[in-house]
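Below you'll find the structure, written out as structure tokens, and then a few comments.
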Amino acid sequence: MEIPEKLLKPYSPSKTEGRIYELWEESGYFNPDNLPARHNEPFSIVLPPPNATGTLHIGGAIMTVIEDIMVRYKRMQGFKTLWLPGTDHAAIATNSKVEKIMQKEESKSRHDIGREAFVARVEKFVEENRGALKHQISRMGASLDWSREAFTFDEKRNVGVRTAFKRMYDAGLIYRGNRIVNWDPKGQTTISDDEIVYEERTARLYTFKYSKDFPIAISTTRPETKVGDTAVAVHPDDERYKQYVGKEYDLEFAGAKLHIKIVADEAVDPEFGTGALGVTPAHSQIDADIATRHKLPTIQVINEFAKMTDAAGPLIAGQKVLHAHEMVEDWLWGKGLLQPEDIKDIKQNIATAERTGGVIEPLPKLQWFVNVNKTIPERGDKTLKELMQDAVKVGGIKFLPERFENVYFNWINNLRDWCISRQIWYGHRIPVWYKGDELYVGVEAPEGGDWTQDDDTLDTWFSSGLWTFSTLGWPEETPDLKLYHPTDVLETGYDLIFFWVARMILMSQFLVGEVPFKTVYLHGLVRNDKGEKISKSLGGNVDPIEIADTWGTDALRMALIVGVGPGSDSKLSNEKLKAYKNFANKLWNMARFVMEHEASNAKFKTQNSKLIQELDEIVKDVTLDMDNYRFYLAAEKIYAFTWHEFADIYIEEAKKTGDPEKFCALHFAFCDLLKLLHPFMPFITEEIWQTMRGGKTILMIEEWPV
RNA sequence: GGGCGGUUAGCUCAGUUGGUAGAGCAUUGUCUUGACGUGACAAGGGUCAGAGGUUCGAAUCCUCUACCGCCCACCA
């Protein structure tokens with residue numbers, strides 16, 4: 001056989017990859033509707049939608065690669081394989097990113113340009129980014145069905161979100177309530193419990209009495225909030241304070257008039273500080289809980305701008321929280337209520353907002369919530385919490401690695417009602433309209449004038465939670481939805497268990513009445529040579545496209561996969577990339593050798609060939625690994641066999657003996673090895689296949705060897 | 001305060017149900033052999049964190065300890 005010119009030179013990814021991806025796209029086989037008839041049984045994965053804010057980072061690359069491996073494997077096995085792409089509008093992330101850009105470039109805030117102009121601006125930004133993102137995902141070799149591409153904020157998904165809201169509202173699972181929320185003064189919005197990042201800081205713990213006459217000393221790190229106190233709580237068994245429980249005191253503290261009741265509550269730790277807790281119901285979740293139990297009044301003394309309200313009293317009203325802190329401290333010194341020994345440094349976890357870094361200020365606010373503890377008659381009187389537990393306990397969802405199931409259950413046990421309304425502008429507007437005292441909830445705006453829609457938008461995870469079925473056409477009963485839902489595998493990073501995996505289970509269990517997926521494969525974080533976290537926010541950015549340019553996409557894929565089991569963090573090093581780049585070239589030369597020595601006329605008996613016997617073993621072994629999601633092992637095994645058995649032993653042997661039967665066996669085995677390798681190194685294997693077969697068939701849909 | 005993960009060759013990591021340790025890279029030596037020097041052959045290198053236990057036998061199971069890392073939690 002004549003050897004093409006290109007095989008005489010080293011393998012060139014840059015001259016190959018674009019052309020091969022086009023070949024695949026033109027074949028139409030990314031779309032399961034176009035697959036040959038043997039592809040019957042469905043297999044589906046939805047791509048975790050990358051944020052439309054930016055470029056593909058290394059975490060997005062590993063996600064893409066793992067899923068592409070699964071999908072290519074299943075497609076070759078004959079499944080009607082759908083891998084559905086999309087992007088996430090990532091409401092809060094995008095909103096704050098555009099705000100940052102505007103602040104930096106024009107020193108303007110979103111309030112300066114108004115809602116409409118701001119949203120238009122964000123949409124423009126998103127449109128520019130989405131195209132780039134698609135290109136980058138394709139560069140990884142992703143065999144995604146682009147004809148079904150979705151966006152969490154497109155019209156169809158919008159209908160899905162409004163429908164979900166309406167159905168949950170009608171079922172009493174969504175309610176509007178005045179409760180303590182996590183307020184981010186910097187981002188000017190509420191955030192959910194999961195969007196809080198705790199930072200350890202040293203804080204000063206002050207111990208003092210409200211006034212000379214008050215019998216009990218309290219401890220606090222935030223004296224300025226004490227103007228909002230309505231009680232002092234002690235442990236019921238605390239002998240020191242038993243005589244005071246039930247008594248009430250009127251006093252003046254830092255210019256504010258307080259009415260303090262002494263209450264006994266189990267939540268108080270008698271060992272901490274003085275064992276007495278000044279209860280500030282408006283600005284602490286635990287205090288709010290105590291206040292509810294003891295029917296205490298709530299006084300809001302801090303506003304949305306982290307300034308003291310008028311209720312804080314004339315001394316500090318209008319002051320910023322930090323300044324008020326100093327003023328109250330000064331007041332305490334001046335009144336002789338504080339001595340140097342009353343101030344201690346303690347370690348404290350301070351709550352900050354994930355996106356803006358702003359210090360969270362708990363505030364009472366009228367917001368929308370998802371009730372996770374309400375029983376649902378149409379779902380067997382279970383609560384959302386229980387439905388989420390059932391999905392894993394009896395619904396058959398398996399986590400990989402299994403240990404994350406405990407993490408999941410632990411999260412559910414601690415779950416409170418989910419605050420879903422946000423005061424940012426970019427996102428799904430809450431489908432609620434008001435007219436006077438009337439309230440209307442609907443998929444579309446109510447008929448007639450005078451209705452005003454709720455200003456708030458929904459938590460971005462509300463729409464992400466619908467992703468497995470909103471992408472398939474829900475709420476319509478589409479053929480796609482019937483065929484591909486529940487999806488087979490959900491593959492994502494373990495850091496998204498709470499944000500996303502749990503929310504998808506919640507939404508699917510209630511809205512569709514089934515689990516959203518059967519297996520959850522969780523990948524770890526990719527770190528650099530030094531073991532540091534590679535992330536956009538921390539700098540030290542590693543661009544997967546740059547790596548693919550330098551080493552070839554196939555080498556990058558192998559480097560990301562080999563030796564990296566689910567759930568474990570990994571390191572990406574140049575040594576590893578080099579090793580697999582070399583492997584690609586080795587494979588290239590094997591192809592040349594096999595083609596040069598093709599002995600198509602020779603007869604050979606496979607049962608007599610040791611190579612073929614060993615090949616059978618490796619096929620069985622690798623197939624078992626693939627079925628059990630051990631891609632890191634499968635890849636390594638094929639690599640080792642191809643190089644160190646097939647090439648080092650069998651090619652050398654054939655060279656020495658010149659036996660035509662041996663060359664024939666080589667040819668046969670090499671074709672199977674290309675198939676085994678294809679999910680991992682799709683570009684070079686397809687390129688070799690095309691060269692050997694003269695473009696007659698396409699490796700992507702060849703049958704997986706058995 | 002709970003929970004989880006890690007600790008195996010210089011480096012990065014495998015080791016699926018327990019049977020006297022493996023890979024890649026790195027190091028050293030040999031090979032200017034027409035598939036490939038991005039190669040081949042070969043060599044060196046580990047008391048599998050420590051202690052105890054179960055077992056005929058443990059890197060692998062159990063207990064404890066140490067260090068590193070992560071997650072969760074309403075100690076104000």
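Below, read A as the first sequence line, B as the second, and so on, with proteins coming before strands; counting in each chain starts at 1. Quick caveat, the model's predicted, so the values are computed rather than measured.
- Evaluation of the side chain to side chain donor-acceptor pair (under 3.5 Å) rule for Thr16(A) yields no partner, not counting sequence neighbours.
- At distances below 3.5 Å, at least one donor-acceptor pair connects side-chain atoms of Asp342(A) with backbone N or O atoms of Gln339(A).
- By the side chain to side chain donor-acceptor pair (under 3.5 Å) test, Gln690(A) is found to be paired with Glu686(A), residues two or more places apart in sequence or in another chain being considered.
- As rounded to the nearest Å, U54(B) and C61(B) have C1' atoms that lie 8 Å from one another.
- Ile651(A) places a side-chain heavy atom less than 4.5 Å from the side chain of Leu666(A).
- Relative ring orientation between Phe583(A) and Tyr639(A) is described as perpendicular, the plane-to-plane angle rising above 60° on a 0-90° scale split at 30° and 60°.
- Listed by first and then second residue, the ring pair (Phe, Tyr, Trp, His ring centres under 6.0 Å) pairs that reach into residues 260-282 of chain A come to none, sequence neighbours excluded.
- Rounded to an integer number of Å, the gap from CG of Asn406(A) to P of C71(B) is 17 Å.
- Take the nearest nucleotide of RNA chain B for Gln285(A) and for Val564(A): the residue whose nucleotide is more 5' is Val564(A).
- With Lys576(A) contributing its side chain and Ala559(A) its backbone, the two residues share a donor-acceptor pair below 3.5 Å.
- Judged by distance alone, with hydrogens and angles left aside, the side-chain atoms of Thr230(A) form a donor-acceptor pair with the main-chain N or O of Pro297(A) at under 3.5 Å.
- Residue Asn410(A) is classed as a sugar-phosphate contact, given heavy-atom separations below 4.0 Å to backbone atoms only.
- Taken residue by residue, residues 618-632 of chain A places heavy atoms nearer than 4.0 Å to RNA chain B at Arg630(A), Tyr632(A).
- Considering only the side chain of Ser568(A), A14(B) comes nearest among A14(B), A73(B), A76(B).
- Summarising the geometry, the separation between CD1 on Ile196(A) and P on C71(B) is reported as 15 Å, rounded to the nearest angstrom.
- Applying the side chain to side chain donor-acceptor pair (under 3.5 Å) criterion to Asn182(A), with sequence neighbours excluded, gives Asp193(A).
- The residue among Trp411(A) and Thr274(A) whose nearest nucleotide of RNA chain B is located toward the 5' end is Trp411(A).
- For the C1' atoms, the distance from G46(B) to G15(B) is 14 Å, rounded to whole Å.
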Find every protein N or O atom lying less than 3.5 Å from an N or O atom of nucleotides 24-31 of chain B, and list the pairs.
residue, atom, partner, partner atom, Å
G24(B), OP1, His644(A), NE2, 3.4

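- For the pair Asp287(A) CG and A76(B) C1', the interatomic distance rounds to 7 Å; values are reported in whole Å.
- In this structure, Phe498(A) reaches the sugar-phosphate backbone alone: every heavy-atom distance under 4.0 Å involves primed, P, OP1 or OP2 atoms, never a base.
- Here, G50(B) and A59(B) have their P atoms 11 Å apart, quoted to the whole Å.
- Considering only heavy atoms from C-beta on, Asp648(A) comes within 4.5 Å of Trp643(A) through its side chain.
- The CD-P distance, from Glu199(A) to C72(B), rounds to 14 Å in whole Å.
- Residues forming a ring pair (Phe, Tyr, Trp, His ring centres under 6.0 Å) with Tyr210(A) (at least two apart in sequence, or on another chain): Phe214(A), Phe253(A).
- A donor-acceptor contact shorter than 3.5 Å is absent between the side chain of His283(A) and the backbone of Leu363(A).
- In the set C4(B), C36(B), C74(B), C74(B) carries the atom at the smallest distance from any side-chain atom of Ile286(A).
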Here RNA chain B, pairs taken as Watson-Crick or G-U under 3.5 Å and shown with ( ), [ ] when crossing and | when to another strand, reads (((((((..((((........)))).(((((.......))))).....(((((.......))))))))))))....
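- In terms of the side chain to side chain donor-acceptor pair (under 3.5 Å) criterion, residue partners of Ser12(A) (sequence neighbours excluded) are, by chain and number, Ser14(A).
- Within residues 261-269 of chain A, the residues having any heavy atom closer than 4.0 Å to RNA chain B are, in order of number, Val268(A), Asp269(A).
- Asp345(A) places no side-chain N or O within 3.5 Å of a backbone atom of Arg204(A) that could act as its donor or acceptor partner.
- Residues satisfying the salt bridge (charged side-chain N to carboxylate O under 4.0 Å, His left out) criterion with Glu491(A), sequence neighbours excluded, are absent altogether.
- Although no hydrogens or angles enter the test, the distance criterion places a donor-acceptor pair under 3.5 Å between the side chain of Thr352(A) and the main chain of Val197(A).
- Figure legend: cation-pi geometry between Arg503(A) and Trp500(A) absent, as NZ or CZ is not positioned both under 6.0 Å from the six-membered ring centre and within 45° of its axis.
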Sub-3.5 Å pairs of nitrogen or oxygen atoms, protein against nucleotides 32-35 of chain B:
residue, atom, partner, partner atom, Å
A35(B), O2', Asn589(A), OD1, 3.0
A35(B), O2', Arg592(A), NH1, 3.4
A35(B), N7, Lys655(A), NZ, 3.4
A35(B), N6, Glu652(A), OE2, 3.1
A35(B), N3, Asn589(A), O, 3.1

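- Straight-line distance between the C1' atoms of A21(B) and A35(B): roughly 34 Å, to the nearest whole Å.
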